[in-house]
Trainee: 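Quick one: the structure is below, and I'll ask about it shortly.
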Amino acid sequence: MSDHTAPRSLFAPADILSRAEAQDLAGRALKLSPAEETRVTINSTARADTRFAVNQVTTSGENRDVTVTITAFVGNRAASAVTNRLDDASLAAAAKQAHEIAKLVPPNPERMPELGASDYQYPPMRSRVIALPSPTERALAAKKVTERARAAGLVATGFIECRAGASALANSKGLFAYDSSSVVTMTATVRTTDGTGSGWACSDGDVFADIDAERVGATAAEKALASRNPVAVEPGRYVTILEPTAVGNLVQQIAGAMQARAADEGRSFFSKPGGGNKIGMKVVDERVTLVSDPADSASTGGGYDQDGAPIEKVVWIENGVVKTLNYDRFWAQKQGVKPTRSGSGGGFGGGFGGGNRTLRMLGGTTSVPDMIKSTERGLLVTRFWYIRPVDQRTILYTGLTRDGTFLIENGKVTRSVKNFRFNESPIFFLNNLEALGPALRVNASEALGAGGATYMPPIKVREFTMSSLSEAV
Amino acid sequence: MTHSRRDFLKTSAAAAATTAIGARILAAGDALGAPLPTPGDPAVKALMQVALDVAKASGASYADVRVSARRQQNVNTRDRIVQGASDTDTFGLGVRTLVDGAWGFAATNDLTKDAIAQVTRSAIDQAKANRASQLKPVRLAPTPANQVGEWKTPIQTDPWSVSIPEKVALLLDANAAAAKVRGVRNVTSSMFFLKEEKTLMTSDGSYIVQTVYRTQPSMSITAVSDDRTDFQTRQSNDVAPMGRGYEHVLEANLGENAARWAADAVAKLSAKPVEPGRYDLLLHPSNLWLTIHETIAHPTELDRALGYEANYAGTSFVAPPEKVLGQLKYGSDVMNIVGDREQDGSLGRVMWDDEAVRPVTFDIIKDGVFVDYQTTREQASMLDWYYKKIGKPVRSYGCSYAQSWSDVQFQRMPNVSLKPGKQDTTWDDMIAGMDKGVAIVGDGSFSIDQQRYNGQFAGQVFYEVKGGKIVGMLKDVAYQFQTPVFWKAMDRIGGPRSYHLGGAFGDAKGQPGQANSVSHGCVPAHFTQVNIINTGRKA
C-alpha cells in the first residue's frame, strides 16, 4: 500500500512470520520432538475484513494467529498435535503429545517416507507487497459502493477480505519449504428497495491495490436495476451464456473429482466402465483445457505441496482429453506413475470451505456481447448459488441462478427472468459448448472468501438444464 | 479377522502399560509442558480486564472480551488403515467494542498485556473508522448486568479419558463389519471431539465461564457394481453429532450398524430408479432435521430478513417483519416450531450466549403461523415495536455466537425444532397408514435458494411404500418444493416417542464464513403430493 498517510493496520507484515522466524520456530519444534522422525508445518495468518450492509459498515475484524502442527512418526505410525502457543515448553508438550499418540496407532502400510531437502522454483519470500489495509482504507472502499447505491436509491451489502500469510514445512530429513502470500477480495450485492432486483459483482486479487471498488459498485448497481421485475419463463433446456463466475462455480467441481484412486477403484466419473480410469479419453469439447499453474498468481497455495515437494504446472484436461488425475505419493507408486504436484491441500489460503481454488480454464475470443448477438433465444447467467453434489457418477450438481438472470431474444437481452434451479453437470455442458471468451480472474467460491486464483472464460452452451423456478430474488 | 487388525491388537496388548499412560497423557496433556492457561484462571481474568479498561478509556460505550481454549481430536480411518490421528489445542482472545453505535473487533493468539492493549486499540480504531458511514447506530436490548457463573455440558465420559487404541479399535472393527458385505469397496470412519472452554467478560460486569463438549462418530460406505458402471454410498448420518461426551460414540453402535449401512449401499446398486412425479412423502427425522434447518431455521434469522446477509447467506421470504410477524401462514396447523438452547444433548445448548444473555425457549411458529424471529441484543431492539404491540419484553433470545476466539460473534440459530404431535404415533405407524408413496431415511444432497423458497433435498435410503408396507428400495430420488407449499402439505406428524435430534457442525453464515453447530429436533412427518424428481443421468 503506497498510502503512508493512512494509519497502518495493526496486522501489517511484521505479524507474518519471515523465513528466518519460521525457520527458527520449525527448528525449535524439530529439536524438541522425541520422535525418531518429525514433520513440522507452520501457518502464520493475518486477516483484515470489513462487512457492509444496508448501505453502512456493520462489522469489521482484524486477527492474527500462528499454528504449528507437529507430526511424529514412529516407523509407519503417525500422529499430529497442533498448537498456537510458540514457547519451547508448549512446543515440547505438543511434540510429546504427537509422539505418544503415534506410538499407539497401528502402522499405516501406505505411509510414504518423508522427502529430503529440495529446490523450490518459487523463491522464498517472494518480492511482493504483503500489507493489509487499515480500517479506514477498507471503510472508504466500502463507501464507494454504498454511496453509489444510496444515491441511486438502492441497497448495498458486501464484504472486503484481505489475508496475508506465510506457511512453512520442515522435517527431520532437512527439508525446509517456506512461502508467503496475500489475497484480497471484494464482493457486493446491490438490491432494489422493492426487492425485485438484485445484482452482484466481485473484484479479486493479490494485494489491496488490485481491488476496483468503483467497478464493483457500478456493475452490481447496474445489474440490480436491470434485473427488476423478472418474469417467469418455463424451466427446460436453454442455450445459456454463463459469465466467468458462473463457469467457475461449476467447472471447479471437475478438478475436485479428479482423484486417481477413486477413479481406479470405480468410485468416480473418471472410472472407466469395466476397470481402469479415463486418462487419454476425450470427455468434453476439444476447446476445453483445464490447468493448475503456480505461475498464474502469487496467491496460489504456497510454492510447495502437502509433502513439501515443489509444485508444478498440471494440465488436467487438454483439448477435451483427460491428461492426468490427482495421484498422491502412495497411489502413484502403486500405479507406477509420477505423483501429482498441483499443490492442492498445501500452503496457506484455501478460504472458508477449503479446497484448491487455483484453476484456469483456457479462454477463447468471443466476447459476451457477440455471444448475445448470435443467440436467438437463451439465458444469460451472472452466477450460481447453493451448489451441491447430486450424483458423483456424472459430477451432477444442483443449485440456483442468482443476482442477474436475463432472457435473450433475437440477439438482444430483452428482460430479466425469475431465477432457476438447475440440475446439471459441467461435463454435460462442456460437451455442448458453442463459444468461449477471454478468461478473467473471478471469485467463484460460494462463501466469497479470499483465497486461490480462479481464471475462467465466459462461455455459451446449448441445452443447459434448468429444472424448476424460484421466486427468490 | 485381517492381518493388520491382528497386528494392531497385538501391539495394543503389548503396549498395555503405554495405553494407560497414553490415556492419562491424553486426559491431562495440559500438565505435560507449558501450563495451558485455562479460562476462568485469575491471571487470564486480569488480562481480560486490561482489554475492558483500554476499551473504556478509549471511548467504548460497551465492550466484551472472550478467551477460549479449544481442544479438538480427530481419528480418521479407511478400510484397515488409520489415516490420521490428531490433537489440536489453540488458545486466544477476541475483543469487541462499541463506539458511538459502531462495532469493531480484533483478536490475537498473543496473550500478553501489551498485545491485548494493542488488539483492543485495533478494535477501537475499527469502530471509529466504521462509524463514519453509520446511518443507524447499534442499540443493545437490555439484559441483566453482573451475571457471574459457570456451566459445563453434562457428559458421562470425557472423550479424552478414552485411549486412542480403544477409539481406533472401535472404528476398525466397524470398518471390518462393513467390508464383509459383498460389493463394498470403500469404508471410511472417524471420530471427532471438541472441548471448548470459554470465558466471557463484559463491560457491564458479567463474567462467565463455560465448557462445551461436542462429539461426532461417522461412517461412509461405498459399494461398486461388478461391471463398474455404478457406485452408491451410504453415510451414517442417522447418527447425528451431539453435545455429549464419549457415551455418544458407544451408543451410536457403529459396529452393529455398519453391516446394515453396508447392506443399504449394496442394495442401492440394484434399487429401482424412481419414476418422477407427485407422491405422498414420509420423512424420517434423520432426513427432516435438515429440511427444517434450511427452510425454517435460516429464513427466521432476523438479520437475513432485514438484508444484512444479502451478499452471501441471502435474505428471507419471511419479510418484511411488519408484514409477516403474527400474520404469515407458514404451514399446516400441526406445525409448531420452537427455538431453544437447552435441550439435553443438543449442539446449541449453553447457559449463556456469547454476549452474556441467558437464552429462553421461544415460539417461532405456532399452529402454523409465524410469530417470532431469532435475535441477539442488537436485533431484539429492532423489533421493539412488535414486542410492545404483543405485550412482550424487548429481550434477546440468546442467539449470539462466534465459532472461535478469532471471530466476531453475531446472530446464529439456536436449536430450531418441530414439536411432536399430540398422539403418540411412530414411524412404523405412519408407514402402515400410507397407501402409496415414498419414505426417506437419512439426509443427502441439499440445496435451497437465497430467500429459502425453492428447495431440493435427497436422502440416504429411499423406500417405495404400497398398502401400508415398504415394498422395495428406490434410487436417484430428490424432493423439490416451494417452502410454504411444502409445509402446508404436512398433514400428519409423529408423537413424542418418535422425537429425534438431528444436527450439524457446519451451519455456515457470515463473512468471513463461520461454522455454527446446531441441533434440530423433530418427529417423522407425512406430506401430501410432493414433487419427486429422478436425479440419475447417463454420462
Side-chain angles (χ1 to χ4, degrees), chain A residues 10 49 51 53-54 56-57 59-65 79-84 87 89-90 92-93 96-97 100-101 104-106 108 135-136 139 143 157-159 161 187 189 265-267 271 273-275 352 385-386 388 390-391 394 396 398-400 402 421 447-449 468 470-472, chain B residues 8 11 18 22 25 29 32-34 81-82 85-91 103-109 118 122 125-126 129-130 132-135 164-165 168 185-186 222 224 228-229 231 307-308 310-312 406 408 445-451 453-454 456 480 511-513 535-537 539:
Chain A
L10 170 66
D49 58 74
R51 297 188 82 185
V54 200
Q56 60 180 342
V57 171
T59 56
S60 69
E62 295 188 355
N63 65 37
R64 62 168 176 189
D65 198 9
S80 300
V82 183
T83 181
N84 68 344
D87 58 282
S90 301
K96 187 164 182 184
Q97 181 89 339
E100 291 300 330
I101 302 176
L104 298 173
V105 298
N108 179 354
T136 307
K143 208 170 175 181
T157 300
F159 180 52
E161 184 179 26
T187 51
T189 302
E265 292 180 343
R267 299 181 281 113
S271 304
F352 191 71
W385 157 254
Y386 224 121
R388 291 294 181 278
V390 172
D391 191 347
T394 51
L396 188 82
T398 190
L400 298 110
R402 177 173 171 178
R421 169 176 297 287
L448 307 175
S468 60
S470 172
E471 292 297 313
Chain B
F8 169 61
T11 311
T18 323
I25 285 166
L32 269 179
I81 292 172
V82 175
S86 68
D87 258 25
T88 300
D89 273 305
T90 55
F91 194 81
W103 289 118
F105 174 81
T108 181
N109 64 330
Q118 197 190 11
S122 163
D125 284 351
Q126 290 177 70
N130 297 345
S133 71
Q134 193 89 43
L135 302 173
I164 289 281
V168 166
R185 289 291 169 88
N186 181 272
T222 301
V224 179
R228 297 207 168 199
T229 56
F231 59 93
Y308 285 80
N311 189 46
Y312 165 44
S406 64
V408 70
S445 175
F446 56 101
S447 170
I448 192 160
D449 65 57
Q450 74 277 11
Q451 289 189 314
Y453 282 110
N454 177 317
Q456 179 178 313
Q480 202 181 61
Q511 292 185 295
T535 57
R537 299 261 298 263

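Chain letters run A, B, ... following the sequence lines, proteins first and then strands; every chain starts at 1.
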Trainee: In terms of heavy-atom pairs under 4.5 Å, which option from A/Thr187, A/Thr59, A/Thr83 contacts chain B the most?
Mentor: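 Heavy-atom pair counts peak at A/Thr187.
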Trainee: Just so I understand: if I count every heavy-atom pair under 4.5 Å between each of A/Gly61, A/Ala53, A/Ala472 and chain B, which residue has the most?
Mentor: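 Most heavy-atom pairs under 4.5 Å with chain B: A/Ala472.
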Trainee: Considering only heavy atoms, which portion of A/Ala139 lies under 4.5 Å from any heavy atom of chain B: side chain, backbone, both, or neither?
Mentor: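 For A/Ala139, side-chain heavy atoms alone lie under 4.5 Å from chain B.
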Trainee: Under a 4.5 Å heavy-atom cut-off, does chain A meet the side chain of B/Tyr453, its backbone, both or neither?
Mentor: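 Just the side chain, heavy atoms under 4.5 Å.
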Trainee: Under the salt bridge (Lys or Arg N to Asp or Glu O under 4.0 Å) test, which residues partner A/Glu265, sequence neighbours left out?
Mentor: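 Expected list: A/Arg261, A/Arg267.
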Trainee: Could you list the residues that satisfy side chain to side chain contact (heavy atoms under 4.5 Å, CB included) with A/Ser60, not counting sequence neighbours?
Mentor: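 Counting only residues at least two positions away or on another chain, A/Ser60 forms a side chain to side chain contact (heavy atoms under 4.5 Å, CB included) with A/Thr50, A/Arg138, B/Gln126, B/Asn130.
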Trainee: After noting the C-alpha distance and the side-chain angles of B/Asp449 and A/Arg402, does the key distance pass the side-chain contact (heavy atoms from CB on, under 4.5 Å) rule?
Mentor: CA-CA 8 Å; B/Asp449 65 57; A/Arg402 177 173 171 178; over 6 Å; no
Trainee: Rounded to the nearest 0.5 Å, what separation is found between the CG atom of A/Leu400 and the OG atom of A/Ser468?
Mentor: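 Going from CG on A/Leu400 over to OG on A/Ser468, the span is 7.0 Å.
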Trainee: In terms of heavy-atom pairs under 4.5 Å with chain A, which of B/Leu135, B/Thr222, B/Val408 leads?
Mentor: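 The candidate making the most pairs under 4.5 Å is B/Leu135.
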Trainee: Tell me, side chain or backbone of B/Val82 under 4.5 Å from chain A's heavy atoms, or both, or neither?
Mentor: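 When you check distances to chain A, atoms from both the backbone and side chain of B/Val82 fall under 4.5 Å.
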Trainee: Output, in order, the C-alpha distance, side-chain angles, deciding distance and verdict of side-chain hydrogen bond (donor to acceptor under 3.5 Å, both in side chains) for A/Asn84 and A/Asp65.
Mentor: CA-CA 7 Å; A/Asn84 68 344; A/Asp65 198 9; 3.2 Å; yes
Trainee: Heavy-atom distance under 4.5 Å to chain A: side chain of B/Gln456, backbone, both or neither?
Mentor: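 Interface part for B/Gln456: both.
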Trainee: Side-chain contact, heavy-atom cut-off 4.5 Å: B/Asn454 with B/Gln480?
Mentor: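 Counting from C-beta outward, B/Asn454 and B/Gln480 do come under 4.5 Å.
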Trainee: Examine whether an atom of B/Thr535 lies under 4.5 Å from a heavy atom of chain A, and if so say whether it belongs to the side chain, the backbone or both; otherwise answer neither.
Mentor: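 Looking at B/Thr535, backbone and side chain both touch chain A.
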